Amino acid sequence: MTAESLPEPPVPESSGVDLARVALRAAKEQAKARGAAAQQKKQARRGGGLRSGARADGRDPLPLGAAINRLITERGWETPAAVGGVMGRWPQIVGEDLAKHCVPLRYDEDPDERVLTVQCDSTAWATQLRLLAPRLVARLNEDLGHGTVRVIKVLGPGAPRRGYGGPLRAPGSRGPGDTYG
């Protein structure tokens with residue numbers, strides 16, 4: 001026997017009760033569709049679907065702080081905003097003495113990097129900050145969330161502009177007398 005010659009299974013005939021259920025279900029769906037269409041027409045005539053009422057809805061004004069927090073969340077700016085807050089609270093995080101001599105410059109948000117760059121006004125303070133860097137990274141990650149800052153890059157003092165010549169220049173001198181480098 002082949003698949004073509006197999007007899008088809010008998011299809012049970014619908015009884016009167018089954019036919020009535022199917023017809024009732026179809027009538028309900030049609031009535032629901034007509035009612036939804038009529039409701040939409042009424043709302044369009046009134047000037048839109050939403051009306052002002054006593055309950056809060058999505059059109060109500062928000063307080064400024066809530067609006068900013070919603071914007072930060074929607075745009076995915078949580079980490080940059082948190083790091084910006086750290087830069088504003090730098091003296092409270094590292095202490096007054098260190099904050100007087102070391103200033104955060106920038107934060108590299110790249111997921112592979114996550115580097116906070118800090119510049120110090122002398123090589124002694126740069127060395128001090130390099131020694132404190134692991135504890136400072138732990139403290140920052142405690143505030144901002146694990147893995148937000150991976151490395152603190154410490155820059156020494158900026159060297160004065162290199163120029164050639166001048167009335168007080170010693171022959172053969174190569175730059176500032178500081179031990180930076």
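In what follows, every heavy atom counts, from backbone to side chain, and hydrogens, waters and symmetry copies are set aside. The model shown is predicted, which means the values in this text are computed figures rather than measured ones.
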Legend entry - Closest non-hydrogen atom pair, R139 against Q92: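 Smallest interatomic distance, heavy atoms only, reads NH2-O, 4.2 Å.
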Legend entry - Taking every non-hydrogen atom, the tightest pair across A126 and G156: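 Scanning both residues, the minimum pair turns out to be CB-CA, 4.3 Å.
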What distance do [X] atom [atom1] and [Y] atom [atom2] have between them, rounded to the nearest 0.5 Å?
X: T117; Y: I152; atom1: OG1; atom2: CD1; value: 10.0 Å
X: T73; Y: I68; atom1: OG1; atom2: CD1; value: 11.5 Å
X: I93; Y: E142; atom1: CD1; atom2: CD; value: 10.5 Å
X: Q128; Y: L131; atom1: CD; atom2: CG; value: 6.0 Å

Legend entry - Linked, directly or transitively: L71 and L64 (ILVMFWY side chains, under 4.5 Å):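 Shared cluster, yes.
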Check whether any side-chain heavy atom of [X] sits under 4.5 Å from a side-chain heavy atom of [Y], and report yes or no.
X: R150; Y: V115; value: no
X: V118; Y: K153; value: no
X: T127; Y: V154; value: no
X: D108; Y: L116; value: no

Quick check: does any side chain N or O of [X] sit under 3.5 Å from a backbone N or O of [Y], one acting as donor and the other as acceptor?
X: Q119; Y: L105; result: no
X: D121; Y: C102; result: no
X: W125; Y: P157; result: no

Legend entry - salt bridge (Lys or Arg N to Asp or Glu O under 4.0 Å) assessment of R70 paired with E74: CA-CA 6 Å; R70 190 166 107 185; E74 286 174 354; 3.5 Å; yes
Inset, instruction - Output yes when K100 and E96 qualify as a salt bridge under the 4.0 Å nitrogen-oxygen rule, no when they do not. - result: no
Inset, instruction - Could you walk me through whether L98 and W90 pass side-chain contact (heavy atoms from CB on, under 4.5 Å), step by step? - result: CA-CA 9 Å; L98 197 59; W90 185 252; 5.6 Å; no
